[in-house]
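Chain identifiers are assigned alphabetically (A, B, ...) following the order of the sequence lines, protein sequences preceding nucleic acid strands; residue numbering begins at 1 within each chain. Please read all numbers here as calculations on a predicted model, not as lab measurements. Keep in mind that the numbers below use all heavy atoms, side chains included, and drop hydrogens, waters and symmetry copies.
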Amino acid sequence: MNTMKASERMKIPRQHSIEQNAEKRSHNFEEVSLGLDEVLALTEASRCLECKDPICMEGCPVNVDIKSFVQLVNEKKFVDAVKKIRESNFLPAICGRVCPQEEQCENVCTLGKKHDPVAIGKLERFVADYEMKSGQFTIPQIETKREGKVAVVGSGPSGLTCAAELAKYGYAVTLFEALHEVGGVLRYGIPEFRLPRTILDIEVERIQALGVKIYTNFVIGRTATVDELFKEWGFSAVFLGTGAGTPHFMGIPGESLNGVYSANEFLTRVNLMKAYKFPEYDTPIRLGKNVAVIGGGNTAMDGVRTSKRLGAEKAYLVYRRSRAEMPARLEEVHHAEEEGIEFLMLTNPTKILSDGNNNVVGMECQKMELGEPDASGRRKPVPISGSEFVLEVQTVIEAVGQAPNPIIQATTPGLETSKRSTVVVGEKQQTNRPGIFAGGDLTRGGATVILAMRDGKEAAAAIHGYLLERSK
Amino acid sequence: MFKIIEKEFLAPTVARFVIEAPFIAPKRKPGNFVMLRVGKTGERIPITLVDSDVTKGTITLIVQGIGKTTKELLTKSAGDFLSDVVGPLGNPTPILEKKTVACIGGGVGTAELFPITKALNDAGCRVYSIIGGRSKELVILENEMKRSSHTAVVTTDDGSYGRKGIVTEPLKEWLDAKTGIEAVYAIGPLPMMRAVSNLTKNYGVKTYVSLNAIMVDGTGMCGGCRVTVAGKMKFACVDGPEFDGHDVDFDEMILRNRSYAAGEKTVLDRFEHAPGECRLEKMV
Ligand SMILES: Cc1cc2nc3c(=O)[nH]c(=O)nc-3n(C[C@H](O)[C@H](O)[C@H](O)COP(=O)(O)OP(=O)(O)OC[C@H]3O[C@@H](n4cnc5c(N)ncnc54)[C@H](O)[C@@H]3O)c2cc1C
Ligand SMILES: Cc1cc2nc3c(=O)[nH]c(=O)nc-3n(C[C@H](O)[C@H](O)[C@H](O)COP(=O)(O)OP(=O)(O)OC[C@H]3O[C@@H](n4cnc5c(N)ncnc54)[C@H](O)[C@@H]3O)c2cc1C
Ligand code: FES
């Protein structure tokens, strides 16, 4: 029990994670943040005002019972605390690390109105790590085995969550993944220095322990179509969680030069194929002395910080809007700055320059200023004439958004899609085709890990309902 | 893990593999390829599906050793395993029916061309084939190609076998002789496909080429395999690998394929000079 008065709690400053020194970490791929230790965690948890009406819960896309879990931390019941989180969030060790808490739970935290909000994400991570280190995780009991086989397509956070939830309901679940490893963006996109792969590996083992069968190297739409999953493989329902993996390019001259990457390719080479361990691993990466990364989201941030770690002398982040509009997680922006990333805001690339042999030698940019608000409500950047300049770089990485991969949509007749090639779903993640459910980036375009998980969980409940109804 | 069932050398640096892949075998169409990794630290590389046996659940690949991954693959034998094989990927080749066509293969490209040639022949086409190689040892699948062709010619750059010269010479003769060739399928080194495309452009004959762009995933999620076709960016793995040769920017692609020359050499040197055993010897 927290016996302190509210006024006393408010006096305690927000506790900070232990972090690797910025200069040191900008040369290695080890995790940047080491999280809170027990003392820091207890101090941080004691700041919670334990509001009667905890609105933090509403700020969380999956409505984690934050107040209760923080109270359990206060009582030093760390394992109970993580169990409490897991009632609504299947992957706390991951979400504690990658959720944009400042836009969600911590954004609405009452304490945050006058002081810094409770570091909810860091506490979440602390209890999840505690459980992992102390080996106190228990596989949930599966009470009843149920009739019905379900196929889950894609092993990102939406697919992993959906598969685990369905297995807990008692269904026989098979997960199909196109790549040779499981995890989606958590595997090929988000770098190890933000999300160590051991954490992902443990989560995958847990899902297998629930009886989920995993096929890697299996592309739905190619190795088997969705309709074949029903007709030939005998599945009664299918969940599609294939993400938004197809990269956009800006469409400026010079994009086919050697040394221009989509962030997806760059990060896939480094993370999935382990190019940062080249030549121990065979996949190479081309990195110039100076690197420019275009974009302002998490993907851009990961690209630019990875470039620095691979040895770039200068790593620029080039973004056409202003700093306040960058969609990346706040913590990552801070970390990037500490690591010596140079931010070029209100700067728009117009052309990538060649040495005459198809190699990048520079990028022409234009300065921008903020004009009238656009459709998104953000002030639209407009070019300042005569402000052109050349950035001397040999590598350009574009992180300007991505769309769903069209393979499944093209091979599943009648499946409704939007103009942006996302799959259209109703309230319960149900597509227009009976028995086919979908969620995550495939239905949202680029979104977040927690929303993908939410969709996976909703879909599992909906599939359960669908199969119960059918078996009547 | 994917088991190698059979392995046979077709030329000193080219081998045919039959691999257990029961899910891929029934889905293969001419023009499809797989992405494979030999081992856990390896690169993903694209290799064409030459054939498959649906009842046995096997696929056939023909591989030429040119760099680390392909040379390492050549050291594998029946009974060994490959870590990963995924497919079938890419669009199947459009197979014309009852037309007169020419099929032109250069080097290991002949292996990629063979399933297409066979499909065209089965579809009632009159097939004129040219099997090109730098020298006699590099001419592969001659009998198989001949069996699926109305007329077949072998050319070698050095004249050590068949006709001396390059593949465009017999093709030009056929086009001039008004053999009625309505389409050309060409697969081989980029300069060869460029030469064929330049020639057929003059005759207005539709030409399909298969672009061996550098790939990572092979499923459209990285854009590393992008090529410029008719001035537009295309991803070779999902929009191709076949494109209209008259629209392809070959010069750019040739330069793009050199992107990793330095890195490729590093891993190859490491592989060939790894302590313990002489891999070069084992390979030959
Ligand atoms: C670099 C990067 C950094 C990010 N950082 C953050 C962050 O810090 N915080 C945050 O909340 N979000 C972040 N995001 C966004 C977040 O990762 C995604 O919203 C989330 O992963 C979406 O999950 P998903 O399950 O929908 O799909 P994905 O994670 O994209 O997984 C889809 C999986 O499906 C597979 N697949 C695709 N097609 C097929 C097919 N036909 N057959 C079989 N399998 C298929 C793919 O190979 C992939 O493994 C980041 C994204 C990127 C790219
Ligand atoms: C659709 C397609 C089908 C192919 N089919 C066959 C086939 O049936 N038989 C065959 O022997 N070869 C085939 N290739 C070529 C084969 O993929 C390359 O020879 C192989 O990747 C070279 O790898 P390496 O490590 O041995 O050599 P490296 O030393 O890595 O490369 C040598 C050259 O191969 C090319 N290359 C390198 N890496 C890749 C990669 N990841 N993807 C594509 N090309 C690359 C580059 O041009 C490079 O200069 C095909 C390529 C494509 C795109
Ligand atoms: S290989 Fe990645 S998109 Fe084609």
Side-chain angles (χ1 to χ4, degrees), chain A residues 176-181 188-189 215-219 221-225 228 232 242-249 251 255-269 272-275 277-286 354 357-359 398 402-407 410, chain B residues 2 21 23-24 26-27 32 34-45 67-69 72 83-90 214 216-228 233 235 238 249 251-271:
Chain A
F176 295 95
E177 168 56 49
L179 292 172
H180 58 265
E181 285 196 54
Y188 74 75
Y215 284 107
T216 51
N217 293 315
F218 204 113
V219 185
R222 293 276 186 260
T223 322
T225 62
E228 285 162 357
E232 288 168 26
T242 49
T246 300
H248 288 312
F249 285 87
E255 285 177 322
S256 43
L257 296 177
N258 298 352
V260 180
Y261 284 104
S262 74
N264 255 21
E265 180 185 358
F266 186 80
L267 291 168
T268 300
R269 281 180 179 270
L272 179 71
M273 305 310 296
K274 306 231 182 309
K277 292 187 185 162
F278 181 87
E280 187 194 325
Y281 282 73
D282 292 341
T283 304
I285 192 101
R286 247 180 97 110
S354 167
N357 244 332
N358 217 56
N359 301 305
E398 296 193 22
Q402 44 213 53
N405 187 320
I407 292 180
Chain B
F2 295 77
F23 300 135
I24 304 174
K27 292 312 184 69
N32 284 150
V34 292
M35 293 297 295
L36 67 82
R37 271 202 324 164
V38 177
K40 292 289 175 206
T41 57
E43 200 169 0
R44 292 168 64 100
I45 62 161
K68 152 86 207 274
T69 311
E72 185 180 11
S83 316
D84 306 284
V85 181
V86 58
L89 302 170
I214 295 182
V216 183
D217 56 298
T219 63
M221 61 154 254
C222 77
C225 63
R226 61 196 186 277
V227 290
T228 306
M233 183 192 289
F235 291 0
V238 284
D249 186 339
D251 298 343
E252 175 188 283
M253 223 204 125
I254 288 171
L255 291 166
R256 272 187 73 75
N257 267 19
R258 291 191 198 138
S259 269
Y260 297 98
E264 286 158 359
K265 187 172 180 311
T266 307
V267 285
L268 182 60
D269 286 350
R270 253 174 74 99
F271 173 69

Looking only at heavy atoms, which two atoms of S262(A) and F249(A) are closest? And how far apart?
-> CB-CZ, 3.7 Å

Highest number of heavy-atom pairs under 4.5 Å with chain B: which of [options]?
options: R269(A), E280(A), Q402(A); value: R269(A)
options: H180(A), R222(A), R286(A); value: H180(A)
options: A263(A), A244(A), G245(A), S256(A); value: S256(A)

Side chain, backbone, both or neither: which part of [X] has an atom under 4.5 Å from a heavy atom of chain B?
X: N357(A); value: both
X: E255(A); value: both
X: E177(A); value: neither
X: T223(A); value: both
X: F266(A); value: neither
X: L257(A); value: backbone

Please flag which part of [X] lies under 4.5 Å from any non-hydrogen atom of chain A: side chain, backbone, both or neither.
X: T266(B); result: side chain
X: L268(B); result: neither
X: R44(B); result: both
X: M233(B); result: side chain

Rounded to the nearest 0.5 Å, how far does [atom2] of [Y] lie from [atom1] of [X]?
X: E228(A); Y: K27(B); atom1: CD; atom2: NZ; result: 3.0 Å
X: M273(A); Y: R37(B); atom1: CE; atom2: CZ; result: 5.5 Å
X: N264(A); Y: H248(A); atom1: CG; atom2: NE2; result: 11.0 Å
X: F2(B); Y: D84(B); atom1: CZ; atom2: CG; result: 6.5 Å
X: R258(B); Y: I254(B); atom1: CZ; atom2: CD1; result: 7.0 Å

Report the option among [options] that has the most heavy-atom pairs separated by less than 4.5 Å from atoms of chain A.
options: V85(B), T228(B), N32(B); result: V85(B)
options: K68(B), M35(B), M253(B); result: K68(B)
options: S83(B), P88(B), G218(B); result: P88(B)
options: I24(B), D249(B), T219(B); result: T219(B)

K277(A), NZ: over 12 other non-hydrogen atoms inside 6.0 angstrom =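 Buried by this count: over 12 neighbours within 6.0 Å.
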
Would you check if the side chain of D282(A) reaches a backbone N or O of V267(B) as a donor-acceptor pair within less than 3.5 Å?
->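 Looks like no, no N/O pair under 3.5 Å.
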
Return yes if some donor-acceptor pair links the side-chain N/O of R256(B) with the main-chain N/O of G224(B) below 3.5 Å, else return no.
->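 Checked: pair present.
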
Y260(B) vs Y261(A) aromatic rings, parallel, tilted or perpendicular, using cut-offs 30° and 60°?
-> tilted

Identified side-chain contact (heavy atoms from CB on, under 4.5 Å) partner of M221(B) from the options T268(A), I407(A), T242(A) | T268(A)

